[in-house]
There are 2 protein chains.
Amino acid sequence: MPVTMMDIAKDLKVSVVTVSKVLRNQGRISDATRKRVLRRAKELNYQMNWVARSLVTRRTYTIGLLLPEFAHPFFAEIARAVAQTVRPHGYHIVISSFEEDPDLEASEVDSLLARQVDGLIIASSQPPHRLAMFKRVQERNTPYVLIDRPIVGLRACFVGVDNRAIGSLATEHLIERGCCRIGHLRGPEVGIAEERLEGYRRALTRHGFRPHSSYIVAGGRGDDTGYDGMRKLLGVGPVTDGVFCYNDPVAIGAMRAILEAGLKLPDDIALVGAGNVHYSDVLAIPLTTIDQGTSQIGVLAAELLITRIASKRSMRSQKILIPPKLVERESTRRQP
Amino acid sequence: MPVTMMDIAKDLKVSVVTVSKVLRNQGRISDATRKRVLRRAKELNYQMNWVARSLVTRRTYTIGLLLPEFAHPFFAEIARAVAQTVRPHGYHIVISSFEEDPDLEASEVDSLLARQVDGLIIASSQPPHRLAMFKRVQERNTPYVLIDRPIVGLRACFVGVDNRAIGSLATEHLIERGCCRIGHLRGPEVGIAEERLEGYRRALTRHGFRPHSSYIVAGGRGDDTGYDGMRKLLGVGPVTDGVFCYNDPVAIGAMRAILEAGLKLPDDIALVGAGNVHYSDVLAIPLTTIDQGTSQIGVLAAELLITRIASKRSMRSQKILIPPKLVERESTRRQP
DNA sequence: CCCACTTGAATAAACGTTAACCCTGCCAAT
DNA sequence: ATTGGCAGGGTTAACGTTTATTCAAGTGGG
């Protein structure tokens, strides 16, 4: 029912190809017919059928964005950045969230490939050494960029933050603020949390402290795990005077536990989060945090992917580490 | 380069149509060949080319989701709900954010139509009586559902919250808590803010108070406008003892202004927001707010759209108003 | 006046699938 | 022997574009 090039062609008694050429500004067309075609197209309110075009050009100008969950502000921000970056190039993004389920993730990747996306951006939850999903993507020669979570043993493009630097930056800030029994509420058992922990350890030893395992409390990503973890940490003596939390939600949970225990923030315990989520500055005590350049991750990943799509030949896989930045607020503002 | 039905057909010396029929479980195919086809398809790791299928079936199993901005937790939550609701039906969503720019919104709608989406979900920013964009959608017979922001003068499906009820609910709660000089930090000059204001007014008059215009302060959507608005409101005498804020960010800004002025919350001034964004309970003083059933909006809009797409005949346009719910927290917890 | 070249356009074929028919055996009932 | 029906396929023609090739007419030079 919608208007096609055929309709325009018949009206003007020219061939469909002529119409196509005019609309693409290609080939040699006289100014007269060009004008006629354009006018008729406007009159009929012609809209290109991208499905048909994609079938023959083998380009959909569509990229798949695969995220663990996009209600999370971190990923929502990335989605925003990606969408804004690719729009000027004529791309749209198909999103899919897989709720941290590796199987769902793999099946969504297959769906997106079936939809012929020109490229993929993935914050993957695939466990280490399960590379089958990526193999399938590579077989199809579909460019893809990993973000946020690197995958060991995979030669692929990656854009993310330097997580070791986050750990060091946070820990050194606490040291500067005079803390000397620094705890860490660590994240889940994956690469990122591991690296932040590593940065924390290195900063401690570099400044002559000995990392003590009882000050390192296992946890997860959410604020409830932060709450539980902090309560556990408060039971360890001598009590900590500074805590580096895996991320901002964890820090928020920890903050609740500290205040509930009747302790003062930052005077009794200073707190550093990571992520700089948008609301970090309207909390009970505004949270010092490490900014991980969230939107930059999205922008760089999108640009990287687009250049990959544009270049016929496969380029070397490229890894971009964004340097984190400290954002100081009340939760660590105290006299050394 | 990817495997096509043709490849399978040649290998097995059958016709492409036979392969197609097997893969769709249609037509009469013997068990023997069915098995052979399926086996070969698996061996070659065949993936359907959805672009080609869409061209002939005129269905992309794709819906366009158009939002003002999806870094905003409200819209991010809606996106999540929509995506999860449509996935079991085989749909994917193409998102686009238009940064509150009506022209960009219109052009994105056109792009999505050109991409042959099967339906649209839109939280529109079109000014009243600018219906051209919607006309174009209707001409193509593409089903669409408006969410959150109704458009006057348009017979279209709509899913949103009952904003008058939000205003009433919040105001009556403040009255119950013993407030008798109730202010309102209102939102931008659009329908939603108007309705919440209307609910506020009605609740006041219903309880024998006279709405006073100096207690109604104009504003916007963000926390800075909440801060500015509250400072203005504090200059009005006799000073208010309860404020209903257009939304949670505004309330957060207002909270900062109140605390900065050395006033106590909720004892001097009680505060109610609207939206129940995820972090409302980790603020300096946890915020009483009105839950607007965000994810429900996404779910219902998605379901409505899918039934519209499925039904050949055009149905009557349907409007769904979700009843809001009060979520009481510290910011209003005081003795009447 | 013929050849070569250019301009402006038409024609044919493809992209990978599906929809709508058509064909060929085979079997049972007439 | 004819008819009818059905199982198990195959053929043909779309879907709306683009790419590649071909063609007709005009133009300028020798």
Side-chain angles (χ1 to χ4, degrees), chain A residues 1-38 40-41 44-62 90 111 113-118 140-141 312, chain B residues 1-38 40-41 44-62 90 111 113-118 140-141 312:
Chain A
M1 211 47 155
V3 184
T4 71
M5 289 190 181
M6 193 59 180
D7 298 326
I8 301 181
K10 271 184 182 156
D11 286 5
L12 268 47
K13 302 199 193 307
V14 297
S15 80
V16 202
V17 181
T18 305
V19 178
S20 170
K21 283 178 178 165
V22 170
L23 264 33
R24 281 176 299 142
N25 269 333
Q26 272 205 17
R28 290 177 303 231
I29 303 289
S30 72
D31 237 43
T33 53
R34 171 184 307 281
K35 289 228 171 81
R36 288 201 308 149
V37 169
L38 289 177
R40 193 67 187 140
L44 295 180
N45 191 23
Y46 170 76
Q47 283 282 359
M48 177 63 159
N49 184 328
W50 265 91
V51 171
R53 167 181 277 194
S54 295
L55 183 58
V56 45
T57 61
R58 291 138 177 287
R59 289 283 292 279
T60 56
Y61 278 89
T62 282
S111 299
L113 290 178
R115 285 175 184 286
Q116 313 293 116
V117 294
D118 292 343
R140 287 183 64 116
N141 268 354
K312 302 279 143 199
Chain B
M1 211 44 155
V3 184
T4 71
M5 290 189 180
M6 192 58 178
D7 298 326
I8 300 181
K10 273 184 183 156
D11 286 5
L12 269 46
K13 303 201 192 311
V14 297
S15 80
V16 199
V17 180
T18 303
V19 177
S20 170
K21 283 177 179 167
V22 169
L23 263 33
R24 281 176 298 142
N25 270 330
Q26 272 204 16
R28 289 177 303 234
I29 304 289
S30 71
D31 239 41
T33 51
R34 171 184 308 280
K35 290 228 170 83
R36 287 201 309 149
V37 169
L38 289 177
R40 193 69 186 138
L44 295 180
N45 190 23
Y46 170 76
Q47 282 282 359
M48 177 64 159
N49 184 329
W50 265 91
V51 171
R53 166 180 277 194
S54 294
L55 183 58
V56 46
T57 61
R58 290 141 179 285
R59 289 284 292 280
T60 57
Y61 278 88
T62 283
S111 299
L113 290 179
R115 285 175 185 286
Q116 313 292 115
V117 294
D118 291 342
R140 287 184 64 116
N141 270 351
K312 302 278 142 197

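In this text the structure is predicted, and so the values were computed from the model without any measurement. So that the names make sense, note that chain A is the first sequence line, chain B the second, and so on, each numbered from 1.
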(request) Compare side-chain N and O positions of B:Ser30 against OP1 and OP2 of D:dG9 and report whether any pair is under 4.0 Å apart. (result) yes
(message) Quick one about B:Arg140 and B:Gln116 (side-chain donor to acceptor, distance below 3.5 Å, no hydrogens or angles considered), yes or no?
(response) yes
(message) Let's see if you can work this out: which of D:dG16, C:dT18, C:dG8 has an atom nearest to the side-chain heavy atoms of B:Val56?
(response) C:dT18
(message) Without decimals, in angstroms, what is the distance between A:Asn49 CG and D:dC15 C1'?
(response) 8 Å
(request) Would you indicate which nucleotide in C:dT18, C:dA9, C:dC15 comes nearest to any side-chain atom of B:Ser20? (result) C:dT18
(request) Starting from C1' on D:dG8, measure out to CG on B:Leu12 and report it in whole angstrom. (result) 15 Å
(request) Go through A:Arg24 and A:Arg53 one step at a time and tell me if the side chain to side chain contact (heavy atoms under 4.5 Å, CB included) criterion holds. (result) CA-CA 11 Å; A:Arg24 281 176 299 142; A:Arg53 167 181 277 194; 3.3 Å; yes
(message) Do B:Arg34 and B:Asn25 pair up side chain to side chain, a donor and an acceptor below 3.5 Å, judged on atom types alone?
(response) yes
(request) Kindly compute the distance separating OG1 (A:Thr18) from CZ (A:Arg36), expressed to the nearest 0.5 Å. (result) 10.0 Å
(request) Among the candidates C:dA12, D:dG16, D:dG9, find the nucleotide nearest to the side-chain atoms of B:Leu55. (result) D:dG16
(message) Considering every strand and a 4.0 Å limit on heavy-atom distances, what is the contact class for A:Arg24: base, sugar-phosphate, or nothing?
(response) base
(message) If you only use heavy atoms from C-beta on, which nucleotide in D:dT18, C:dT17, D:dT12 is closest to the side chain of B:Val16?
(response) C:dT17
(message) Within the 4.0 Å heavy-atom criterion, would you say A:Val14 contacts the bases, only the backbone, or no part of the nucleic acid?
(response) sugar-phosphate
(request) Starting at atom CD1 of B:Ile8, determine the distance to atom P of C:dT18, rounded to an integer number of angstrom. (result) 11 Å
(message) OP1 or OP2 of D:dG16 versus the side-chain N and O atoms of B:Arg58: is any pair under 4.0 Å?
(response) yes
(message) Nearest whole Å is fine: how far is C:dA10 C1' from A:Met6 CE?
(response) 13 Å
(request) For the side chain of A:Thr33, starting at C-beta, report the closest nucleotide among D:dT18, C:dA9, D:dG9. (result) C:dA9
(request) Please tell me which of the listed nucleotides, C:dA10, C:dG16, C:dT18, lies nearest to the side chain of A:Ser15? (result) C:dA10
(message) What is the separation between atom CZ on B:Arg53 and atom P on D:dG16, rounded to the nearest whole Å?
(response) 18 Å
(request) Hey, which sits more toward the 5' end of DNA chain D by its nearest nucleotide, A:Val3 or A:Lys21? (result) A:Val3
(message) Rounding to an integer number of Å, can you tell me how far B:Tyr61 OH sits from C:dT18 C1'?
(response) 14 Å
(request) First locate atom CZ of A:Arg58, then atom CG of A:Asp118, and finally report the distance between them rounded to the nearest 0.5 Å. (result) 12.0 Å
(request) Can you tell me the distance, in whole Å, between the CD atom of B:Gln47 and the P atom of C:dT17? (result) 11 Å
(message) Under 4.0 Å from OP1 or OP2 of D:dG10: is there any side-chain N or O of B:Thr18 that close?
(response) yes
(message) So if I take every side-chain heavy atom of B:Met5 and compare against C:dT17, C:dA9, D:dG16, which nucleotide ends up nearest?
(response) C:dT17
(request) Write down the distance between CZ (A:Arg140) and C1' (C:dG16), rounded to a whole number of angstrom. (result) 12 Å
(message) Here's a test of your reading of the structure: between B:Arg28 and B:Ala52, which maps to the more 5' nucleotide of DNA chain D?
(response) B:Arg28
(message) I want to verify a distance call: between C:dT18, D:dG9, D:dT17, whose nearest atom is closest to the A:Tyr46 side chain?
(response) D:dT17
(request) Would you tell me whether B:Arg115 and A:Thr60 have side-chain atoms, one donor and one acceptor, within less than 3.5 Å of each other? (result) no
